[in-house]
There are 2 protein chains.
Amino acid sequence: MNLKQLSHMLSLSQTTVSRALNGYPEVNEETRRRVMDAAKRHGYRPNPSARRLATGKSGMIGYVLPTGAAVDIDPHFVEFLSGLGDYARAHELDLVLSPADADDEETTYRRIVANRQVDAVYLSSPRPADKRLALVNTLGIPFIVHGRSEGFDFDYPYLDIDNEGAFHEASRLLIQLGHKRLALINGNERETFAIHRERGMRRALAANGLALGERHIHSVAMTEENGYRAARRLLEEVEPPTAIVCSSLIMALGVVRAVRDLGLTIPGDLSLVAHDDVFPWLRPENFPVPLSTTRSSIRLAGARVAERLAARISGLEEGARGEVWPVDLVVRGSVAGAPV
Amino acid sequence: MNLKQLSHMLSLSQTTVSRALNGYPEVNEETRRRVMDAAKRHGYRPNPSARRLATGKSGMIGYVLPTGAAVDIDPHFVEFLSGLGDYARAHELDLVLSPADADDEETTYRRIVANRQVDAVYLSSPRPADKRLALVNTLGIPFIVHGRSEGFDFDYPYLDIDNEGAFHEASRLLIQLGHKRLALINGNERETFAIHRERGMRRALAANGLALGERHIHSVAMTEENGYRAARRLLEEVEPPTAIVCSSLIMALGVVRAVRDLGLTIPGDLSLVAHDDVFPWLRPENFPVPLSTTRSSIRLAGARVAERLAARISGLEEGARGEVWPVDLVVRGSVAGAPV
DNA sequence: AGAGACTTCCAAAGCGCTTTGGCTATTTTG
DNA sequence: CAAAATAGCCAAAGCGCTTTGGAAGTCTCT
């Protein structure tokens with residue numbers, strides 16, 4: 001059932017039927033009703049390919065997926081996606097994943113924009129002065145960044161959590177508990193979120209006359225193994241830290257293992273706080289010692305990004321509005337006063 | 001730069017240029033070269049929307065993503081995706097994720113097929129007599145199932161691992177080590193992979209005059225917490241199992257925690273084997289006691305599915321070819337002879 | 001040399017929608 | 001009451017590609 005057939009049944013022109021369906025004003029309400037009715041009754045659905053060709057709009061949002069033998073997709077991605085899907089489903093928005101060589105995402109961005117394959121894109125894990133962001137900005141496709149960049153002379157729309165605030169609060173708590181030697185096991189130091197977290201921690205330390213030693217900060221890919229290694233190295237120092245703040249639950253697993261291997265205890269010998277993106281399959285309250293966390297649901301962020309992308313596509317949202325979500329500090333058994 | 005312009009520059013018809021570019025035989029090789037050259041020089045890329053409308057082919061593969069507030073996307077998904085992307089990237093294939101209400105995926109399948117949004121789809125986590133599979137089969141869109149179903153009177157193309165064989169081998173090993181009370185912590189019992197694993201285990205037990213008691217099998221969503229709970233319940237029985245086979249590394253984390261909580265040890269009191277889909281961020285060799293596993297890279301499976309989908313789209317693969325990959329049994333420190 | 005068979009190219013008709021630029025009644029306005 | 005404005009509809013021109021159905025030119029064969 002296509003427009004031609006439908007309009008023929010109704011003895012109307014394609015123009016009128018199209019307009020009636022798309023809510024244009026220049027059509028009699030009575031006529032519109034007739035059209036809508038017939039459309040529903042016959043299950044007419046405009047052919048998206050045709051509509052695309054005519055309008056240039058695809059009804060899809062895009063994401064360029066960096067891939068490569070050495071590239072691992074962040075497990076957070078799936079949770080974000082989950083939230084995105086929650087919103088997108090209700091609006092019949094599809095998501096197009098365009099796999100790209102991690103070393104050359106530009107080509108792919110250019111392609112999907114030139115081809116008008118998607119109406120908007122979102123970027124994640126941005127870095128300072130991220131080239132993708134500059135690119136997408138000049139290409140002129142609607143977009144939203146999940147996270148933030150730095151060092152641009154233009155503004156851009158983003159959704160981020162208050163990473164700096166979160167780690168500032170976590171550190172402040174530990175300091176108040178008497179800890180003086182804090183350490184940070186962070187994510188990739190080139191990503192903005194990691195920079196912000198470090199900044200928040202340094203700020204809290206500085207405010208109390210403390211500092212984060214060169215050796216007390218590890219920036220690594222967020223795997224269990226890296227968490228373990230970093231923790232081992234930290235705890236085997238001459239003057240080991242008495243508290244660790246860690247950028248992910250997965251790394252925290254490794255930290256816990258290291259602590260055990262060394263015959264230490266949490267929170268007796270070491271206080272531990274980690275950031276929790278809220279995975280359904282790994283929860284901080286179920287750690288051997290319930291883990292204190294800075295918590296922010298990445299899933300909700302996904303839903304919000306989808307919502308804002310939809311708004312931008314339909315022109316409801318404009319400009320470079322940045323949105324920063326506060327982060328909860330959830331205190332559980334893994335923190336205690338500094339050992340004497 | 002569109003076809004019209006390009007053909008005009010070359011003083012050729014659109015027909016000829018189109019054919020030259022698409023490798024049709026009825027064009028002089030000399031002409032083809034000229035066309036190819038000019039196309040490359042001017043960076044001509046056919047507009048996919050137009051091509052789609054004309055051919056009905058979209059150059060994309062689809063996946064219907066079940067979503068909902070209570071629905072969690074499997075973390076395996078991201079690894080599978082990673083593999084899929086590896087292949088797809090090289091072939092400029094994009095992946096369309098269509099979020100669907102988990103209780104009504106049918107509507108979405110029908111939509112993407114009717115709209116010809118994608119050239120092929122893949123299904124994952126199939127169940128016996130899975131409705132999606134029957135649907136997709138009648139809708140006549142090329143597809144591949146990642147995993148297997150059961151109870152259909154038709155064949156279908158799939159890629160699966162030998163879950164039954166894997167758990168058979170794992171169980172056999174444990175039995176050979178003298179274990180008589182084995183337990184299984186499985187995934188959702190309605191999914192075929194879980195059924196196959198249980199079957200493999202039962203077969204190994206039966207071959208040795210043993211059985212899997214009602215109470216010695218838990219089928220749960222694969223989270224750390226569920227692994228913990230199942231293990232607790234198992235180990236607090238009057239006659240607790242001396243060996244557990246577990247369907248995922250994430251649940252195995254919970255098992256290890258339970259064992260510790262109860263003051264038991266691995267492998268002294270309990271031998272443990274888990275299935276490993278090969279996550280980059282959680283590796284069995286890094287468990288407190290290195291974990292024995294049945295191993296199969298889900299990432300490679302993703303790449304293979306993409307490859308086969310591409311082959312089906314282009315007509316290179318036909319029929320209902322099923323492909324079953326063997327699974328490695330990797331023995332590490334978590335298994336030992338049964339306690340006396 | 002003329003018929004038949006290739007080879008090589010082209011004009012034009014789709015694909016199914018949106019949108020521009022009228023055209024005809026009907027209503028409003030001065 | 002004529003002129004102007006408005007409401008409601010339509011024909012046709014895109015969007016940019018593929019593909020059908022020739023047509024013209026070149027070879028081959030008898």
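Bear in mind that the values here come from a model prediction, so they are computed numbers and not experimental data. Order of the sequence lines sets the chain letters (A, B, ...), proteins ahead of strands, with each chain counted from 1.
When distances run from any side-chain atom of Leu12(B) to the nucleotides dG14(D), dC9(D), dC10(C), the shortest one goes to dC10(C). Considering only the side chain of Leu53(B), dG16(C) comes nearest among dG16(C), dT19(D), dC17(D). Residue Arg51(A) places its side chain closer to dC17(C) than to any other of dC17(D), dC17(C), dT20(D). Distance from the side chain of Thr16(B) is smallest to dC9(C) among dC9(C), dT19(D), dT18(C). Out of dT20(C), dC17(C), dC9(D), the shortest distance to the side chain of Thr31(A) is found at dC9(D). Listed candidates were dT20(C), dC17(C), dT18(D). Nearest to the side chain of Thr15(A) is dT20(C).
No side-chain heavy atom of Tyr63(A) sits under 4.5 Å from any side-chain heavy atom of Val121(A). A heavy-atom distance below 4.5 Å is found between the side chains of Leu133(A) and Phe152(A).
Computed from coordinates, the Glu30(A) CD to dA7(D) C1' distance equals 15 Å when rounded to whole Å. Glu26(B) has its CD atom 11 Å from the C1' atom of dT20(D), to the nearest Å.
Note on Asn2(A): every side-chain N or O is 4.0 Å or more away from OP1 and OP2 of dC15(C).
Taking the six-membered ring for Trp and the full ring otherwise, Tyr158(A) and Phe143(A) have centroids separated by 6.0 Å or more.
When heavy atoms are screened at a 4.0 angstrom cut-off, Ser7(B) is found touching no nucleic acid atom at all. Thr55(A) comes within 4.0 angstrom of sugar-phosphate atoms only, judged by non-hydrogen atoms across all strands, and of no base.
Looking at Ser18(B), its side chain has no donor and acceptor atom pair within 3.5 Å of the base of dT19(D).
Within residues 37-49 of chain B, the residues that have a heavy atom under 4.0 Å from DNA chain D are, in order of number, Tyr44(B), Pro46(B), Asn47(B).
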